[in-house]
J.: 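First the structure, then my questions, so here it is.
Within every chain, numbering begins at 1; the chains are lettered A, B, ... in the order of the sequence lines, protein sequences first and strands thereafter. Both backbone and side-chain heavy atoms feed into the values below; hydrogens, waters and symmetry mates do not.
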There are 2 protein chains.
Amino acid sequence: MEDGNPAVDIRIVLFTMVEGRLLVALHGDICRPALPRAAPGATASLDVEARRIVQVTTALHEQYLEQLYTVNARDESGWAIVIAYLGLICSGPEAPPLDGGWYAVGVLPTIGETDRRVIDYALARLRAKLGYTTIAFHLLPQTFTLSELQGAYEAILGRALDKRNFRRRLVAAKILESTETQRRDRSHRPALLYRFRASHDRETFLTPSWAGGA
Amino acid sequence: MEDGNPAVDIRIVLFTMVEGRLLVALHGDICRPALPRAAPGATASLDVEARRIVQVTTALHEQYLEQLYTVNARDESGWAIVIAYLGLICSGPEAPPLDGGWYAVGVLPTIGETDRRVIDYALARLRAKLGYTTIAFHLLPQTFTLSELQGAYEAILGRALDKRNFRRRLVAAKILESTETQRRDRSHRPALLYRFRASHDRETFLTPSWAGGA
DNA sequence: GCAAAAGTGTTGTGTATACACCCATGG
DNA sequence: CCATGGGTGTATACACAACACTTTTGC
């Protein structure tokens with residue numbers, strides 16, 4: 001911040017879902033964890049740079065990336081502009097390795113004030129978008145049971161949902177199709193596996209109600 | 001963009017409403033109009049800086065200011081980060097003077113690609129927020145008739161609304177209170193004047209439906 | 001009395017919510 | 001046979017959309 005342009009800093013709130021819990025990636029050693037971040041170069045676009053941060057942080061490519069908000073922070077080293085992103089990746093049965101760690105939201109370690117605000121905002125946005133987009137799908141593998149999907153919703157929202165209403169809504173939205181296969185899990189009736197319909201290419205279905213009414 | 005930090009540029013999409021038309025402020029001479037803008041200093045916060053731009057552009061203080069989105073632009077002088085804001089001000093019977101001009105949305109002059117994208121986005125956001133916030137009030141004076149309010153909605157949305165449904169909805173929201181006074185306008189029945197209830201301090205009422213349901 | 005805007009109700013339709021039981025399996 | 005999660009239907013309340021006529025005023 002010596003002269004001219006203020007410092008700019010891209011930070012990613014990277015969520016994943018493991019065993020029905022929503023986790024955030026925090027970078028760095030145990031005593032000073034922080035959101036993955038980088039300063040944008042003079043050549044790459046913001047979105048490209050954000051994507052690069054995800055790839056550097058974990059080996060995986062992100063499934064979903066969305067800009068959240070730009071704030072200014074007076075965090076450690078002076079005054080900076082922070083451009084926050086929300087990223088979602090789908091883990092397998094365990095979270096991918098990371099130079100840092102994955103933390104359950106709500107049980108976060110001590111982090112900077114700005115990082116906390118950004119995470120809160122990212123979570124609020126994610127919750128909101130559950131209601132009118134297919135965003136949750138980016139946290140799940142290609143095929144999944146309806147109970148797994150419902151579990152993801154519940155983990156994000158932090159409250160229980162009614163099973164019948166949930167299923168009815170998803171069916172009504174016509175964004176799922178059942179693979180014929182079942183998964184036999186443990187000692188109970190096997191569950192049907194579903195996948196997303198290719199026609200809804202994981203991005204559309206953004207039609208808030210107020211888009212066309214009196 | 002010589003080294004280090006990229007250039008940062010705050011731009012404001014400043015709307016006002018005059019005679020039932022939604023206008024945007026464009027700065028600069030006729031042949032090169034552009035959105036009002038400034039580079040943030042190293043001291044002021046983004047929001048403060050955005051507010052200052054509004055005050056410099058018009059004499060008025062803005063009524064409403066909201067950050068929209070951050071994009072990167074390769075507009076005229078290289079690569080820059082553009083932080084876009086949405087601003088609303090309430091004009092009287094005519095738009096306030098301006099070093100530049102007010103243009104009806106939809107009949108904009110030739111402007112930069114980035115400016116156009118930002119204006120489109122601002123308009124989309126404004127339209128969306130009509131549905132679940134009291135944002136439109138910032139375009140109107142302290143007291144107003146229901147027809148004026150409906151006219152503002154229609155100008156923003158670009159389509160007609162049903163008078164009865166509109167009034168019923170506003171009444172149901174319980175954000176209006178009638179002043180006892182009437183306004184006699186021309187040769188027709190006088191209209192009741194309304195104002196916003198102080199309890200809803202022009203900002204709350206942000207309760208999307210998905211905030212609490214199965 | 002006429003033009004012009006203000007104001008007012010009802011009905012149908014769809015969407016969200018609450019709620020309880022039977023089914024298929026592994027052990 | 002029992003424990004576990006998978007799967008199903010109905011009744012109710014509310015929100016939204018469509019729709020037409022009477023009222024008050026200035027001229």
Side-chain angles (χ1 to χ4, degrees), chain A residues 19-20 127-128 130-133 140 143-155 157 159-195 205 207-214, chain B residues 19-20 127-128 130-134 140 143-155 157 159-195 205-214:
Chain A
E19 288 173 357
R127 281 180 177 154
L130 281 189
Y132 58 98
T133 69
L140 292 178
T143 70
F144 49 87
T145 69
L146 286 182
S147 293
E148 285 168 346
L149 182 60
Q150 182 175 345
Y153 272 69
E154 290 176 333
L157 292 172
R159 68 191 156 92
L161 299 175
D162 182 273
K163 190 169 28 164
R164 286 163 292 187
N165 292 336
F166 181 81
R167 293 161 110 91
R168 175 174 31 249
R169 171 189 301 202
L170 269 289
V171 170
K174 286 190 287 203
I175 51 183
L176 295 181
E177 66 186 8
S178 93
T179 72
E180 297 299 305
T181 60
Q182 297 183 332
R183 171 188 302 167
R184 53 196 66 244
D185 205 10
R186 273 174 295 167
S187 158
H188 55 78
R189 175 171 175 177
L192 269 176
L193 287 171
Y194 289 82
R195 84 166 74 86
F205 192 53
T207 323
S209 60
W210 23 259
Chain B
E19 288 173 355
R127 282 180 176 153
L130 281 189
Y132 59 101
T133 69
T134 60
L140 293 177
T143 70
F144 48 87
T145 69
L146 286 182
S147 293
E148 284 168 348
L149 182 59
Q150 181 176 345
Y153 272 69
E154 290 176 334
L157 293 172
R159 66 191 157 93
L161 299 176
D162 182 272
K163 188 167 29 161
R164 287 164 291 187
N165 292 335
F166 181 81
R167 293 160 110 92
R168 175 172 30 252
R169 171 190 301 203
L170 269 288
V171 169
K174 286 191 287 202
I175 51 182
L176 295 181
E177 68 187 4
S178 93
T179 72
E180 296 300 302
T181 61
Q182 296 182 334
R183 171 188 301 168
R184 55 195 64 245
D185 206 12
R186 275 175 295 167
S187 161
H188 55 78
R189 175 170 174 175
L192 269 177
L193 286 171
Y194 289 82
R195 85 166 74 86
F205 191 53
L206 305 153
T207 322
S209 60
W210 23 259

J.: Please determine, for the side chain of B:Pro190, which listed nucleotide (C:dA24, D:dT24, C:dC19) has the closest atom?
T.: D:dT24
J.: Any base atoms under 4.0 Å from A:Leu146, or only sugar-phosphate, or nothing? Heavy atoms, all strands.
T.: nothing
J.: For A:Ser147 and D:dG6, is the shortest distance between a side-chain N/O and OP1 or OP2 below 4.0 Å?
T.: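 For A:Ser147, the contact criterion (side-chain N or O under 4.0 Å from OP1 or OP2 of D:dG6) is met.
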J.: Among the candidates D:dG7, D:dA3, D:dT10, find the nucleotide nearest to the side-chain atoms of A:Arg168.
T.: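 Output: D:dT10.
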J.: Measure from the side chain of B:His188, starting at C-beta and using heavy atoms only, and say which of D:dG5, C:dT8, C:dA4 lies closest.
T.: C:dA4
J.: Compare the minimum distances between each of D:dG7, C:dA6, C:dG9 and the side chain of B:Ala191, then state the nucleotide with the smallest one.
T.: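 Output: C:dA6.
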J.: Is A:Glu177 salt-bridged to A:Arg195, going by a charged N under 4.0 Å from an acidic O?
T.: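 The answer is yes: the pair qualifies as a salt bridge.
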J.: Any salt bridge linking A:Glu154 with A:Lys163? Criterion: basic side-chain nitrogen under 4.0 Å from a carboxylate oxygen.
T.: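 Salt bridge absent between A:Glu154 and A:Lys163.
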J.: Assert yes or no for the condition that the ring centre distance of A:Tyr194 to A:Phe144 is strictly below 6.0 Å.
T.: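 No, too far apart.
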J.: Just the rounded figure in Å: distance from P of C:dT25 to CZ of A:Arg189.
T.: 8 Å
J.: Would you classify A:Arg186 as touching base, sugar-phosphate or nothing, given that sugar-phosphate means primed atoms plus P, OP1 and OP2, and contacts are heavy atoms under 4.0 Å?
T.: sugar-phosphate
J.: Hey, does the side-chain of B:Arg164 have a donor or acceptor N/O within less than 3.5 Å of a partner on the base of D:dA17?
T.: no
J.: So, B:Ser147 versus B:Thr145: side-chain donor-acceptor pair below 3.5 Å or not?
T.: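 B:Thr145 and B:Ser147 do not have a side-chain donor-acceptor pair below 3.5 Å.
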J.: Is any N or O donor-acceptor pair between the side chain of B:Asp185 and the base of C:dA5 shorter than 3.5 Å?
T.: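 Under the 3.5 Å cut-off, the side chain and the base do not form any donor-acceptor pair.
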J.: Choosing from D:dA18, C:dG26, D:dT25, which nucleotide comes nearest the side chain of B:Asn165?
T.: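 Within the option list, the nearest is D:dA18.
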